[in-house]
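What follows is a single structure, written as structure tokens, with notes after it.
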Amino acid sequence: MNLTRVRTRVAPSPTGDPHVGTAYVALVNYCFARQHGGEFVLRIEDTDAARSTAESERVILAALHWCGLTWDEGPDVGGPFGPYRQSERSSIYASYAAKLLASGDAFKCFCTPERLEEMRVAQRAAGKPPRYDGQCLTYSAQEIARREAAGEPYVVRLRVPDEGVCVVNDLRRGPIEFEYTSVDMQVLIKSDGMPTYHLANVVDDHLMEITHVFRGEEWVSSAPKHLLLYSYFGWQPPELLHLPLLRNPDKSKLSKRKNPTGILFFRAMGYLPEALVNFLALLADPARDGEDEMLDLPAIVRRFDPQHVPIGGPVFDLAKLDWLNGRYIRERLDPTSFVQRVQEWAVSPERLKRVAQLAAPRIERLSDLGPLLAFLFSGRLALTTQSFESTKLDALSIRQALSLSVAEFDKLAAWNAVEIERVIGRIAAALDKKARDVARPFYVAITGSPTSIPLYDSMQLLGRDLVRERLRNAIDLLGAPSKRELQEWEALLARHEVAV
RNA sequence: GGCGCCAUCGUCUAUCGGUUAGGACAUCGCCCUUUCAAGGCGGAAAGACGGGUUCGAUUCCCGUUGGCGCUACCA
């Protein structure tokens with residue numbers, strides 16, 4: 001439809017562990033670019049300075065590479081449109097914000113969070129859409145200068161028309177209409193001087209000459225703001241297609257609290273990257289009648305058609321992934337490559353060395369290794385309520401400790417034995433128990449036995465995702481806490497934290 | 001609450017007004033087989049509801065219901 005080269009991108013935010021949704025979106029963008037002989041760009045959206053970490057970025061890139069995806073431009077490989085990390089592009093956004101300010105398409109806003117909150121509460125009560133009321137638009141130039149001189153913090157907001165409709169053209173959904181009165185005057189530059197996603201993404205997509213944007217459905221409602229920015233700048237917006245959000249079996253948005261969502265989980269569980277990618281591809285462009293569903297990446301690229309992307313939110317069907325993965329194992333791996341895969345997965349020299357150090361002091365015969373280390377090579381463990389009877393803790397404390405740990409582990413920036421130990425220690429203190437007694441049920445949940453090789457190292461070795469999965473499994477077995485219980489327990493932990 | 005998206009077997013989906021509503025996973029049965037898988041064959045299983053439009057609606061339109069997303073100085 002246009003003569004320019006196709007360029008797509010995926011723009012993960014490095015604020016946590018790599019998510020299958022990211023791989024899904026990346027795959028679609030990758031396919032489209034490859035199919036058209038264009039470029040696929042990886043850009044890091046780290047404008048949230050408080051939550052972004054270099055470690056998360058590193059792990060996300062590694063996870064996407066594990067999936068077999070490659071990009072032509074990105075923070076790790078460079079490219080002609082760099083830098084590819086938004087935190088390194090601040091001055092660019094500032095200059096574009098200044099343009100909008102100058103043209104009157106954006107304005108400085110000095111409103112306090114409290115006033116904004118009150119405003120929204122009132123709007124909701126009145127049945128109106130939440131939207132900035134324009135107070136700071138009424139200030140004179142002198143007033144604005146005075147406030148600025150007085151050192152009042154301010155943000156830059158997008159000016160949105162008070163009437164008319166914005167039409168967002170989605171490649172699959174067709175035109176979607178939004179009344180401008182329901183579009184909020186979004187913050188473009190935060191008071192810390194950093195841009196928000198909205199500004200950064202539009203500026204970058206334009207400067208990086210992105211022609212097609214395949215992104216998650218959660219962006220549909222902010223598309224009008226983006227389109228407004230394109231028009232204020234006088235730029236041509238890219239083609240848009242919003243991909244459906246992957247779902248839990250209960251149809252809610254796929255979340256790690258309810259399901260495995262981490263790419264690392266699938267790797268730890270022994271899924272082959274080809275199978276995972278194949279499965280995600282089927283979600284983006286299902287097989288036709290009679291077509292073999294086992295497709296390698298080149299085939300996926302060849303057959304991909306944006307018009308085939310289903311727009312209902314698909315449930316992430318683990319059973320089907322299992323079937324596909326099984327097929328890859330038995331149909332695509334000869335004995336040699338099978339051995340190679342197993343080595344990569346479980347017994348890489350580095351991993352084996354660490355395991356050896358932990359296990360060697362605890363065995364008398366090499367054959368003791370089997371039962372001792374089986375948990376490191378397993379997915380879900382077959383536990384029963386009896387498994388927890390050997391622990392000194394009462395049933396309630398066990399449930400409390402396990403449940404609290406899930407949330408606390410998710411808050412950890414780094415996943416290592418030291419941090420893990422600290423969490424368990426804090427929970428033990430809050431429950432007024434000995435750390436060793438609190439650790440015992442964790443041994444059972446994680447290793448399947450009250451005695452094993454050191455727990456915290458084992459947890460680090462297994463990875464956060466698999467640990468979360470086993471903890472959830474144990475909690476379900478012992479009785480998942482009600483919302484109220486969980487709140488009480490978290491309050492207990494929080495109180496103790498304050499006291500210390 | 002407001003705005004928006006979506007709606008076919010349990011799950012992923014096909015159908016571009018007329019089909020015995022097709023395929024895949026899961027499930028059930030049979031066959032093969034020293035076990036278990038795998039494999040082969042077969043079965044059961046679906047158009048949310050109510051109005052229109054039409055000779056004819058799963059398909060087009062409207063409403064209801066339901067699910068989901070957004071509703072931040074997060075992305």
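By convention in this document, chain letters (A, B, ...) are assigned in the order of the sequence lines, proteins followed by strands, and residues within each chain are numbered from 1. We use all heavy atoms of the structure for the numbers below, so side chains are in, but hydrogens, waters and symmetry mates are not.
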At under 4.0 Å between heavy atoms, how does the protein contact nucleotides 70-75 of chain B? Give one character per nucleotide, 5' to 3', with B, S or -. SSSBBB

Base-contact (B) and sugar-phosphate-only (S) positions in nucleotides 5-16 of chain B, heavy-atom cut-off under 4.0 Å, - elsewhere: SS----BSS---

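Taken to the nearest 0.5 Å, the CG atom of A:D205 stands 10.0 Å off from the OG1 atom of A:T211.
Atom P of B:U53 sits at a distance of 37 Å from the matching atom of B:G69, rounded to the whole Å. B:G10 and B:U19 have their P atoms separated by 23 Å, given to the nearest Å. When the P atom is compared between B:A24 and B:G18, the two are found 23 Å apart, to the nearest whole Å. Rounded to a whole angstrom, the distance from the C1' atom of B:C16 to that of B:U58 is 12 Å. Atom name P, nucleotides B:A44 and B:C30: the rounded distance is 16 Å, in whole Å. B:G47 and B:C55 have their C1' atoms separated by 22 Å, given to the nearest Å. For the P atom pair drawn from B:C12 and B:U8, the interatomic distance equals 8 Å after rounding to whole Å. The C1' atoms of B:G29 and B:G4 are separated by 47 Å, rounded to the nearest whole Å.
Using a 4.0 Å heavy-atom distance criterion, A:R247 is classed as a sugar-phosphate-only contact.
For A:D133 and B:G2, the CG to P distance is 20 Å, given to the nearest whole Å. Protein atom CG of A:L324 is 10 Å distant from nucleotide atom P of B:A26, rounded to whole Å. One interatomic measurement links the two molecules: CZ of A:F279 to C1' of B:C25, which rounds to 9 Å at whole-angstrom precision. We find that CG of A:N325 is positioned 15 Å from P of B:C25, with the value rounded to whole Å.
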Is there a ring-ring contact (aromatic ring centres under 6.0 Å, His included) between A:F266 and A:F316? Walk through the geometry before answering. CA-CA 13 Å; A:F266 294 97; A:F316 194 95; 5.6 Å; yes

N/O-N/O pairs, protein side and nucleotides 61-65 of chain B side, under 3.5 Å:
none

Atom pairs under 3.5 Å, N or O on each side, protein against nucleotides 32-39 of chain B: can you list them with distances?
from, atom 1, to, atom 2, distance (Å)
B:A38, O3', A:R330, NH1, 3.4

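For A:R464 and A:F409, the positive end is not near the middle of the six-membered ring at less than 6.0 Å and at most 45° from its axis. Geometrically, A:R7 does not engage A:F32 in a cation-pi contact defined by less than 6.0 Å to the ring centre and at most 45° from the axis.
Side-chain contact of A:H242 with A:R215: a donor-acceptor pair under 3.5 Å is present, judged by distance alone.
When the ring-ring contact (aromatic ring centres under 6.0 Å, His included) test is applied to A:F110, the partners found at least two apart in sequence or on another chain are A:Y154.
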Distance-only criterion, 3.5 Å: show the donor-acceptor pairs between side-chain atoms of residues 293-306 of chain A and protein atoms not counting sequence neighbours.
from, atom 1, to, atom 2, distance (Å)
A:E293, OE1, A:K320, NZ, 3.2
A:E293, OE2, A:K320, NZ, 2.9
A:D296, OD1, A:A299, N, 3.0
A:R303, NE, A:E291, OE2, 2.9
A:R303, NH1, A:D285, O, 3.0
A:R303, NH2, A:D285, O, 3.2
A:R303, NH2, A:P286, O, 3.2
A:R303, NH2, A:E291, OE1, 3.0
A:D305, OD1, A:Q307, N, 2.8

